[in-house]
Number of protein chains: 4
Amino acid sequence: MHTLEEIPDPSSTATNANVKIGYIGGGSEGWAHTLINDLLQCEDVSGSVALYDVNYEPAAKNAELGNRLVERDDAPGDWTFEAYQEIEPALKGADFVICSIQDPPEETFVHDIDVPQEYGIYQTVADTCGPGGAVRALRAIPQYREIAATVREQCPDAWVVNYTNPMTVCTRALYEEYPDINAIGLCHEVFGTQRFLAGIVEKYVDEAEDVDAEEIDVNVKGINHFTWIDEAYWYDRDIFPYLDEELEERKPLPSFEPGDLDDEGYWTNHHQIAFDLYDKFGLFGAAGDRHLAEFVPWYLDIDEPEEIQRWGIRLTPSSARRSDGEGPAKMSRYLNEDGTFEFQESGEEVVDIMRALLGIEPIKTHVNYPNEGQISDLPTGPVVETNAMITGAGVKPITAGDFPREVRSMVRQSVDNQETLVEAGYAGDLDLAFQAFLNEPLVTIQRDEARELFAELVEIERDYFRDYDLEGADVLTDD
Amino acid sequence: MHTLEEIPDPSSTATNANVKIGYIGGGSEGWAHTLINDLLQCEDVSGSVALYDVNYEPAAKNAELGNRLVERDDAPGDWTFEAYQEIEPALKGADFVICSIQDPPEETFVHDIDVPQEYGIYQTVADTCGPGGAVRALRAIPQYREIAATVREQCPDAWVVNYTNPMTVCTRALYEEYPDINAIGLCHEVFGTQRFLAGIVEKYVDEAEDVDAEEIDVNVKGINHFTWIDEAYWYDRDIFPYLDEELEERKPLPSFEPGDLDDEGYWTNHHQIAFDLYDKFGLFGAAGDRHLAEFVPWYLDIDEPEEIQRWGIRLTPSSARRSDGEGPAKMSRYLNEDGTFEFQESGEEVVDIMRALLGIEPIKTHVNYPNEGQISDLPTGPVVETNAMITGAGVKPITAGDFPREVRSMVRQSVDNQETLVEAGYAGDLDLAFQAFLNEPLVTIQRDEARELFAELVEIERDYFRDYDLEGADVLTDD
Amino acid sequence: MHTLEEIPDPSSTATNANVKIGYIGGGSEGWAHTLINDLLQCEDVSGSVALYDVNYEPAAKNAELGNRLVERDDAPGDWTFEAYQEIEPALKGADFVICSIQDPPEETFVHDIDVPQEYGIYQTVADTCGPGGAVRALRAIPQYREIAATVREQCPDAWVVNYTNPMTVCTRALYEEYPDINAIGLCHEVFGTQRFLAGIVEKYVDEAEDVDAEEIDVNVKGINHFTWIDEAYWYDRDIFPYLDEELEERKPLPSFEPGDLDDEGYWTNHHQIAFDLYDKFGLFGAAGDRHLAEFVPWYLDIDEPEEIQRWGIRLTPSSARRSDGEGPAKMSRYLNEDGTFEFQESGEEVVDIMRALLGIEPIKTHVNYPNEGQISDLPTGPVVETNAMITGAGVKPITAGDFPREVRSMVRQSVDNQETLVEAGYAGDLDLAFQAFLNEPLVTIQRDEARELFAELVEIERDYFRDYDLEGADVLTDD
Amino acid sequence: MHTLEEIPDPSSTATNANVKIGYIGGGSEGWAHTLINDLLQCEDVSGSVALYDVNYEPAAKNAELGNRLVERDDAPGDWTFEAYQEIEPALKGADFVICSIQDPPEETFVHDIDVPQEYGIYQTVADTCGPGGAVRALRAIPQYREIAATVREQCPDAWVVNYTNPMTVCTRALYEEYPDINAIGLCHEVFGTQRFLAGIVEKYVDEAEDVDAEEIDVNVKGINHFTWIDEAYWYDRDIFPYLDEELEERKPLPSFEPGDLDDEGYWTNHHQIAFDLYDKFGLFGAAGDRHLAEFVPWYLDIDEPEEIQRWGIRLTPSSARRSDGEGPAKMSRYLNEDGTFEFQESGEEVVDIMRALLGIEPIKTHVNYPNEGQISDLPTGPVVETNAMITGAGVKPITAGDFPREVRSMVRQSVDNQETLVEAGYAGDLDLAFQAFLNEPLVTIQRDEARELFAELVEIERDYFRDYDLEGADVLTDD
């Protein structure tokens, strides 16, 4: 087509009523509320949302919230919400399926952070890679296998949007079970980099004011949370020369000292690592520094948690991952005090993407999607993160070119682990999984200690490893 | 970015004045007039056009025409036109370079068609592949090598747009000389397929009326003139089921008899071959049948020219390639009678593409561009044809997926020939070139006859092979 | 190991008694007699041979012959022979399985030759590629699928040696059914080239006399019957300079006229095509010219059979493929007149290969085997022909390097067809098979004629296509 | 050929007299003496040895030694030895070139070991990878570039045999300068594994006695010192089941305690790591444990040197790398006391390999050679280690198959570093080199400490980095 046009012909929008969305993890307080917020502000799509959750109650509350909010005058959208006890009816005939699930942090995530720390391995996040990320992946794979099987049975043509971490492994696991699935994974991190670059433009370009993150066109490549950009433009203006200036201004890196960040939040980010990678490898890290740090052994080789503050970031302690228990009170307010829930611009794209897939308005954004050549020097099959064009015809990744050798070497190591974890998760084979665990960049402890760490993590989260062959696993019984 | 936005900020359009376009082949009557037409109707870009041509006179006439038309009230564009005797100053500092050149048909193209025919090889077009296309490629490569070298020297960051055939080889030759060149090749053929599909939608979809070709989203893959589509959507509606219906209605194929097309023009196209390929391989041929027929040996294995009419096409005879000599008279009218030149909607995209590259408005279209993974089962490097996203950041191909094995086998054969011809053209090695000539699908004559044909073609066009080692070529002297 | 030593230790040869060979096609007059001949002359291996054939009688005769010959004084080998009515017991527990089978020529091969000729397609052999070879492949694939399944069940670790054409497809089909099978294909053609090169050495090297074909070390690469050599040494002496001399002496090629070979046998070979390929592509064709000619369209584009004599070869007419009926009489003589069967040096390697696999003496030879990188620019998986090292550890292909682009292009086309035929054979899908048929280099006739030819061949050999979906095949019903 | 025959014809051995060997590093006490030893015991090759060394004196002494020994009755070989002050005449017209060079350990190797230790990085050997190996590679690359250039000029067809570490990088550097060079790298480590496996056979197979390492056929794959075997046969008997038994007997691993090896030599090896890798990855490590340990971060993550004794190996301290100064005395004895130099079976293969290349007797052995497909899942180009067939036709790698994913991931990381180091060495670019340095598995210290370590190593060995752009290197000046 000559230009990317919006749908011109009302007759073809008939399909945009009666859209069904199945939501797995529908009891969540975060993503589910955002979806309600976004859908109710969308005027040209309507239909129903089926909220399924292993905990029915919160899903039912969310359904009640949605159905109440839709009545409000400031909600132009026309949607009905219903909670489900079973996944099958929730997904039956769905046009879209959204996944955002999480095991109880107290029984899982907390250990993913704390146990490795006892072995001297510090993780800033622990949800994607490193020992914690590897174990989280193993827990998630059987769950995503089941989701994919249910999609194949209940709504084989639906588009599945995943929000759960580890993003790469979860999305990849869907395709392993059901290769014809239509699935993408969405993540915010690159938006953060775009916002940062918008600030760089404002700082260095005289005529630039109020630059919006959406105006920054970045060439995204890599895997989720270890994403890189090698091109950034504000319209037709190359931003990289300004990055060079900024780098010189910031040098030497790192520029903090332990303790400097004691008063900052755990999520603080000063882009020190993104710039350090840019300095050494020529590509800018396009995820928060807390994520980037976990994909190489050099930043987190520390003896005390505060040391990582030198790089402008903090470790998220396990305490911050425990539920704060404030959800029910907030929900109660929402349901009882009309107006407490304020509609806002969420910054999320899922509704924009649905509109694109429904043929209403094309969108170009970055997605997690199996490599089919968009990154030419990574193997085809694994899930990677690049830009994609989304239209009524579906999702088409945009080629991102290849990597400098040493960056590819690092990215590929994680891609290999992704594949091995998925293979191990499907086979229920913890010995195979341990091969990937050992190959994690943060696992630099002695080999036999690594085995003990792995075994201890599996043991403490044993209930979540029911799909694995625990008896036959040498890695659990060596001694 | 969330959506593909037009440039919002007038301040950044400063770069869109004073745009310089260098035009190689600036004396042409076709493309040059179209460019003048399109530029003078474009409001948000202005600048100058440098028309270079080996024949200065027609270029000077075109410059005069452009400068006169810009004065007209119905020409909002603000451009100046100048003709050049030398290529260097014409390209110096250019932002864009357009190439549309052709050797005198009487001395080249006419032989490319007629000589093979004496050996029993019929070509419908003879400008892309087959014996004629191979020889045309060899003539063009040294010319394109020189263009690329001049771009590197005079305007290294310019975007080069090629219109000359053989499209694939010419564009590839630019990258061989100057790997960092910014170059694409543009061709109409896929638009024709989109128009055809728009008609299919109108025929089969009740509510569809006045469907525009731009509303048809096709997944383009292949090489120029041997292009395929494996997906076609009208917004979010899959068109392939309608193609299936249409195919059944049209069967059995071919449905014409020799002589049926005697009254039709040489460019007639009934999509019989596109449908036949779809029937046999599952992908629809996305170029005119006259082009598709030349990439396989089965359609043009005929004894008499009329036989090809069975497939709904005709051979273009060499007589139709000779100049009609009407250009000067028309130009004279244009220059002397104001209003004779009527501005029109050209259907060409080059100005849209310039606007996209200037950061004004993104565009998604199909282009000829080196494979960097957009077609994952072809080698990287050769020029292929797929969709691409064009923005201020440049051209990014959109992944098109891979091919069914047997289609890939055919496409790859031509890709291999493309590479061998370019290599031979750079080395001036006709023996190497003959390897590709022999591997052309239409060259099914005996081996020693093929050698004679090749030698005869080179001999008769000897003046255009000055860059080749004619003395050292065994293929010319075997006997 | 430092050198390739023979087995030194009698204690380890215990395994070399009681070797069991299962022979599929055990009623053959050719290969089975050769095997008996070779086994009975081998002193360090002994055991039993189970002869299975769809025709039991000839197998029983062969068993009787073997058991009688073993008694002779000039037969040092110690073997017993038994004929089987069923394949399962014949293969049960076998260490080696030999396959040499053929459908009745009168009902198959004869048509493979004659029917295409009616469509103007001449084939010199018709057993490997071209229309005849493609159809033969389709008939063989289900048979080889069954063999592989039986091997997996009865003797999963056996080494399977295939002699049947089309060599490449048959061997490939074994691996498709049972990927862990140990199978190779053996063919004589390269030996012929080695013999020819031995003669070249004798002709051009003063001190060379009585050069044995085994002294010629060739780097073999390609696929069976379209095999190439790009290196040939007599010990450490490069033979290619002599090939260059010989080529100059022989030029111009071809050097015969139609009719020149009327008095020569159908199998005559003057290496004109091997030299012509060498002249044009730099690699020497390493199979008989009759085979080489069928892989490209240029040699066999003739109007009358005699024309191909220009290249020093003849077409094998279908009459030469009918049984001569002399087998029973010869067998009768063998059984009744002791001494009629004379042991000889067969020139075959199968017993040498068995000895290598049993750990007795390593051997380096050329084999047909799945590509696992020995030819680096062909895809891994398809069966290719290269040198291999065979020891007690198994078969290890020796890397052969890659191809010049245009040679690879031709070879790859046939490799693609190999894969498509096997896929079609496994799916029983004649429409898919027809994709490969169309892509055969010799199929240069019009598309609709090609369809008719394919349909006619399948129809006339219908009894041998029982495993295919004949009703669902569009290619058989188009009209 | 049917079997691998020795050269039968005396007439063709004419070329085996007057063989010229150029020896770079001809003043060495180790390799040069071994070569003299081996050549003088070889009866069927004769000629001259040109000994070149940057230190002329020791080379002259070696020449004197050689010329004296050749006179002895127990030396059947016929060779002359000459020392050279310049490399060009030493290599002029050579048939073979041997390289075994080393920078003065006190100024280089000693620092490669000691400086990283100050940063907490312990290396068992430090000559191949890790921080020490990386720096050694950088020093060697310009030297090997010069060697390759000299070979191209003085003896372009010679076979070059490299013994210097880092083996992989040195051999790769030769091909980078002169792609048509004939070069291989030889290393002992795999022989050690074969000897170990011979012992396993003797232990587990009743009838096996005095099993020679040469009788063990291993499938070698990987890169030098990080080599793996996935098959091992004693004739046709699979050894892996015995390895499994042995592994079970040895478990749990590691089975030593710090201090256990205080009385053993620095080169002790208990195969604990080889077995541990086998246990975790299914492939047996085929190099000494001291080498294997350096390619992953888990074994050498220790706080004190003794800790590594748990894995049955020791660190080689830098003191063991200083010259012992005993060379001159020994040489003096050799020259003055006839008989002091005792000929022995060296266990080296270089003379066997020369004989193979001269066409006398083929040999199959493992070599370091550019990947051309012998390892199908590593990129082509980098130097890898596999078996190869060596004949008068040259060196042909034997395919070794591919790797399990996680093993490939580790090997590929080192392959990537190999390529980056060579590229950096050719460009003189220490910033690029630092990318590889950071990607070394042992470099797990903080990023800014890694930079300091790299800078300190370069600084202390500054005289050996003259070919690098020291001024322009950011990595040396960051602060």
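Order of the sequence lines sets the chain letters (A, B, ...), proteins ahead of strands, with each chain counted from 1. These values consider heavy atoms only, across backbone and side chains, with no hydrogens, waters or symmetry-generated copies. For clarity, every value in this text was computed on a predicted model and none was experimentally measured.
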Pair B/K280, C/D474 - check salt bridge (charged side-chain N to carboxylate O under 4.0 Å, His left out), show working. CA-CA 9 Å; B/K280 293 298 165 287; C/D474 287 347; over 6 Å; no
For residues 416-444 of chain C, the salt bridge (Lys or Arg N to Asp or Glu O under 4.0 Å) pairs (sequence neighbours left out) are B/R405-C/E423, B/R408-C/D416, C/R172-C/E419
Quick one: what part of B/D276 sits under 4.5 Å from any heavy atom of chain C, side chain, backbone, both or neither? side chain
Between C/Q446 (side chain only) and B/I302 (backbone N and O only), is there a donor and an acceptor less than 3.5 Å apart? no
Could you please spell out the steps behind the side chain to side chain donor-acceptor pair (under 3.5 Å) verdict for B/N439 and C/S409? CA-CA 8 Å; B/N439 198 25; C/S409 187; 3.0 Å; yes
Taking only heavy atoms into account, what residues of residues 286-300 of chain C are found under 4.5 Å from chain B? C/P297, C/W298, C/Y299
Part of residues 115-123 of chain C lying next to chain B, heavy-atom separation under 4.5 Å: none
Given a strict heavy-atom distance threshold of 4.5 Å, which part of B/A450 is in contact with chain C: side chain, backbone, both, or neither? neither
Kindly indicate whether the side chain of C/R447, heavy atoms from C-beta on, has any atom under 4.5 Å from the side chain of B/L277. no
Can you measure from CG (C/D301) to OG1 (B/T444) and round to the nearest 0.5 angstrom? 5.0 Å
In the structure I gave you, are the side-chain heavy atoms of B/M410 and C/Q413 within less than 4.5 Å of one another anywhere? no
Taking only distance into account, with no hydrogens and no angle test, what donor-acceptor pairs under 3.5 Å do side-chain atoms of residues 253-261 of chain B form with protein atoms, sequence neighbours excluded?
unit_1	atom_1	unit_2	atom_2	d
B/S255	OG	B/Q272	OE1	3.3
B/S255	OG	B/Q272	NE2	2.8
B/D260	OD2	B/E257	N	2.8

At a heavy-atom distance under 4.5 Å, which candidate from C/V443, C/T420, C/I273, C/L442 has the highest pair count against chain B? C/T420
Less than 4.5 Å apart, any side-chain heavy atom of B/L432 and any of C/E406? no
